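Structure record follows, encoded as structure tokens.
Everything numeric here is computed off the predicted structure, so don't read it as measured data. Sequence lines set the chain letters: A, B, ... in the order given, protein chains first and strands last, and positions in each chain run from 1.
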Amino acid sequence: MVKSIRFWLIDLNDGEFDGQRSIFLWGVGEDGRRILLLDKDFRPSFYLLLTDRAKTELILKQLADISTEIDLIAEFSLETKKLLGRECPAIRVRYSDTSKAQRLAARALRLKGLDSAYELDIRPSQLYLLGNEVAPCSWHEAEVSEAAGSHGYAVSRIYYLHGRPRRQNDITYPQLRVLAFYLVCAASKGTPDPKRDPILAISIKTEKGVQSFTAEGENDSDVLAAFTSAIRREDPDIVVGFRCNSRDWSYLTSRATLHGLTLNISRAMTTPHPSIFGHFSVTGRLDVDLSDLMHDIPEIESDTLEALATYFGASPEKGFLSLDEFSISGSWADAQRKGETTKAAEQRAHALYDVCSKAMDFILQLSSLTRLPGDHVLTAAVGFRVDTYLMSRAKMRGELIPPREERSYLSYAGGLVMNPTPGIHRQVAVVDFRSMYPNIMIAYNISPETLVRGGSSSIDDVSVSPEGGHKFVKKPRGFLPSALLDLMAERKEVEKLAGQVHSEPEIRILQAREKALKVISNATYGYTGWLGARWYSKEVAESTTAWGRSLITRVSEIAKGMGLLVIYGDTDSLFVSHDEKRTKELLQRIKRELAFDVRVERIYSMVIFTEAKKRYAGITEEGTIEIFGLEAVRSDWSAVARQAQREILGVLLSDKGKKAAQAALDEIVSNVRSGRVPLEDFILWKTTTKPLSEYTVRAPHVEAARMLEERGWIVKPGDRVGYLVTKTVKTTGSRVSPYRFTSVEQVDKEYYVKEQILPACNRVLEVIGPES
DNA sequence: GCCTGAATAGTACCA
DNA sequence: ACTGGTACTATTCAGGCG
């Protein structure tokens with residue numbers, strides 16, 4: 001019996017059911033039941049571009065012959081598609097077997113009258129999302145008939161789909177079950193090694209509360225078994241960890257293999273398996289690694305769970321209990337240590353749970369917007385998010401999706417950065433363009449297919465970019481501008497809605513939706529200059545920045561023409577001398593003459609510039625100090641130097657004069673020399689960007705990392721290395737030492753005074769006149 | 001071999 | 001692993017000097 005149901009799509013994959021290839025859609029029904037919907041009728045397809053229409057019949061026959069030869073079940077049909085805006089005939093090939101389809105394409109492209117294959121580089125489950133009105137983390141309506149039994153899957157119903165599900169315009173989501181987990185491993189010699197070091201504890205947090213499984217002695221097989229059954233019992237929709245993709249899942253799998261156990265925790269009773277974007281897939285559930293979230297939040301300085309939790313206000317009231325795996329090893333038999341460690345792990349599982357519930361709206365909205373499944377969307381880099389979003393738009397418009405191509409790097413000019421006027425300035429307005437690059441792309445219709453190659457077009461029909469002289473047709477609206485317009489229009493609408501709605505979950509969801517829209521529209525310009533982009537176009541990227549440079553230059557000229565002082569400018573912002581009346585006039589003139597939206601982003605009652613670009617500090621009228629680019633906000637400077645510079649800036653910006661600042665500096669220096677500073681404040685943190693063996697110079701942080709490696713620590717690209725400069729006199733080599741093996745007595749304080757504190761502070765003090 | 005200034009490597013910032 | 005523009009430190013290297 002066929003009936004209509006509503007469901008929310010959690011995850012999807014393609015696999016086999018009853019010996020038949022099917023798309024598996026894992027969802028939550030309106031009644032809260034966890035369900036599996038099977039689409040047995042979906043066949044992915046790719047396209048072959050037809051260059052010679054007269055040969056169609058012949059080509060179709062040849063294609064059929066090849067398929068028979070390679071034993072591929074395929075259907076062919078002639079369709080009219082668009083390629084970069086131009087209509088063109090294409091042969092659609094519906095196929096059942098991906099690798100055979102690739103073989104068919106390889107041979108087909110040798111035939112006369114065919115040119116390039118499209119959409120063969122996209123996975124079937126992704127094609128399913130793109131080609132239909134189906135989106136992850138969204139509500140759908142579908143016609144289904146119920147299958148008997150649950151076939152061993154962890155769902156309460158299985159349905160066969162009749163036709164495709166249809167996405168509904170509803171941004172809410174059902175009550176989802178979340179399970180957060182945190183792993184503590186023994187670390188007998190540096191970084192825990194799954195071959196050697198057992199898992200000492202796993203803490204999990206669900207709606208019901210916190211629970212821990214701890215190893216008896218060195219045997220963690222019970223821990224693994226308890227964790228497995230806990231997941232099956234709790235049946236979460238979302239499994240949340242921290243570094244679970246880069247560490248926990250493979251650690252768990254390795255330990256399980258060692259004990260001959262199986263971590264069959266997915267809804268298909270399979271084990272977590274590595275998938276695309278360096279991600280682990282737990283079929284039917286969303287595996288969310290919250291460490292990925294930090295790439296989206298630059299405000300979080302250190303890349304730790306504790307910093308993430310603090311940012312989201314999810315830390316325990318009295319702070320986290322310390323958890324140093326290195327020191328636990330060997331003392332696990334001690335009941336008190338064991339208890340403390342377990343408590344610390346529980347705090348972290350709890351914090352992850354809370355962070356997840358606060359970040360969930362954004363993750364789900366981003367997934368639903370881009371159509372990247374909820375567990376991929378955080379792991380996928382910004383470029384892939386834009387890529388997927390554009391792919392779904394292309395599909396809906398009958399546009400062929402361009403393949404990802406190998407390209408060589410070509411540089412182009414970016415934003416304009418002006419030389420600042422050094423010194424202290426009072427009453428300064430920062431005027432900036434709102435969403436400059438997206439608006440430029442819309443205004444000049446900049447897109448790969450609106451670009452005119454060759455010079456035949458009439459000058460009235462095109463916009464010509466400054467400097468590069470690239471031409472873009474004014475009509476019809478381009479692919480990227482139309483995407484940006486939609487994104488910005490929806491953003492405005494969502495903003496408006498958020499202002500009208502007052503109930504708590506709805507407001508949060510709307511704000512998250514807005515953030516997702518913003519992320520995609522802001523990244524689109526950069527995306528066009530990215531070699532990996534399907535819609536890569538250097539001309540598009542460089543024209544966008546060229547118009548940007550021209551705009552900011554004109555703003556600067558207008559300001560100067562009005563007798564305002566232009567103190568600094570970078571890309572889309574301009575610092576000008578401020579008084580109420582003339583700033584207002586400036587804005588009006590810009591709007592009138594340039595037809596772009598500008599606003600006063602900030603008014604500083606005082607701002608300090610050195611001679612350097614991209615580095616300044618200001619104080620607002622409310623007394624908030626903001627620092628950009630200077631040492632005080634650089635994570636690779638020591639805390640002593642950063643704090644010192646911050647303090648000096650504080651004195652100067654509260655108008656206490658240079659002498660007072662100098663006095664404050666003297667005190668800081670003597671305090672450091674007299675030795676009342678903790679070790680942590682001297683640590684220098686730097687990130688390694690590649691394997692240690694690839695470094696060509698003996699950089700300090702690399703030397704420190706090598707010392708760590710000697711002691712059993714594994715330093716991977718992207719890891720932060722903390723080190724100190726010590727007094728050790730060595731004839732050659734460096735004077736650095738990894739922080740966990742250094743005592744404060746070894747620290748070379750003179751280095752920190754002369755090479756850290758004084759340069760950072762003097763840079764600022766030097767630009768201040770003696771009388772200030 | 002030692003000193004010095006220029007070139008290069010490396011990182012993290014701003015927009 | 002979205003872009004280019006930028007500052008800054010430490011290391012490395014080339015060249016002058018004795």
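In terms of modelled atom types and a separation under 3.5 Å, the side chain of A:N245 and the main chain of A:F280 share a donor-acceptor contact.
Across all strands shown, A:V386 has no heavy atoms under 4.0 Å from either base or sugar-phosphate atoms. Residue-level contact check: A:Y412 touches the backbone only, with heavy atoms under 4.0 Å from sugar-phosphate atoms and none from bases. At the heavy-atom level, A:G526 lies under 4.0 Å from base atoms of the strands shown. Among the protein residues, A:W637 comes within range of the sugar-phosphate backbone only, with heavy atoms under 4.0 Å from sugar or phosphate atoms but none that close to a base. A:Y409 comes within 4.0 angstrom of sugar-phosphate atoms only, judged by non-hydrogen atoms across all strands, and of no base. Residue contacts shown for A:R763 are limited to sugar-phosphate atoms, with no base heavy atom under 4.0 Å away. When heavy atoms are screened at a 4.0 angstrom cut-off, A:A523 is found touching base atoms of the nucleic acid. Residue-level contact check: A:Y616 touches the backbone only, with heavy atoms under 4.0 Å from sugar-phosphate atoms and none from bases.
Checking A:D719 against A:T688 by side-chain atom types alone, no donor-acceptor pair falls below 3.5 Å. Side chains of A:Q756 and A:S638: a donor-acceptor N/O pair is present below 3.5 angstrom, by distance only. For the residue pair A:T620 / A:E622, a side-chain donor-acceptor distance below 3.5 Å is found, with atom types taken as modelled. A side-chain donor-acceptor contact under 3.5 Å links A:Y389 and A:R393. In the model, A:E626 has a side-chain atom that pairs as donor or acceptor with a side-chain atom of A:Y604 under 3.5 Å.
Taking atom CD1 of A:I552 as the reference point, atom C1' of C:dG4 lies 16 Å away to the nearest angstrom. What separates CE of A:M418 from P of C:dT6 is a distance of 12 Å, to the nearest Å. Going from atom CZ of A:R642 over to atom P of B:dC13 covers 8 Å, rounded to whole Å. Rounded to a whole Å, the CD1 atom of A:I300 is 16 Å from the P atom of B:dA12. Here C:dC8 presents its C1' atom at 16 Å from CG of A:L758, a figure rounded to the nearest Å. The nearest whole Å value for the distance from the OH atom in A:Y568 to the P atom in C:dG5 is 13 Å. Residue A:E539 contributes atom CD, which lies 15 Å from atom C1' of C:dT3 at whole-angstrom precision. The distance between atom CZ of A:R404 and atom P of C:dC2, rounded to the nearest whole Å, is 11 Å.
For the pair A:R243 and A:W249, the cation-pi test (distance below 6.0 Å, angle within 45°) is failed. Under a cutoff of 6.0 Å and an axis angle of 45°, A:K515 and A:F362 form a cation-pi pair. At least one test fails for A:K591 against the ring of A:F596: distance under 6.0 Å to the centre or angle within 45° of the axis.
Taken residue by residue, residues 372-382 of chain A places no heavy atom nearer than 4.0 Å to DNA chain B.
For A:E611, the CD atom counts as loosely surrounded, since its 6.0 Å shell holds 12 or fewer non-hydrogen atoms of other residues, nucleotides or ligands. Within 6.0 Å of atom CZ in A:R549, more than 12 heavy atoms from other residues, nucleotides or ligands are found, so the atom counts as buried in its surroundings.
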Inset, instruction - Summarise protein proximity over nucleotides 4-11 of chain B in one line of letters, 5' to 3': B for base, S for sugar-phosphate only, - for none, counting protein heavy atoms closer than 4.0 Å. - result: -----SSB
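Closest approach to the A:K613 side chain among B:dC14, C:dT9, C:dA7 is made by C:dA7 (side chain taken as heavy atoms from C-beta onward).
Where A:N419 and A:Y437 each meet DNA chain C at their nearest nucleotide, the meeting point lying more 5' is that of A:Y437.
A:T545 has no side-chain polar atom (N or O) that falls below the 4.0 Å cut-off from OP1 or OP2 of C:dT3. Look at A:K614 and you won't find any side-chain N or O under 4.0 angstrom from OP1 or OP2 of C:dT6. The phosphate of C:dA10 has OP1 or OP2 within less than 4.0 Å of a side-chain N or O from A:Y751.
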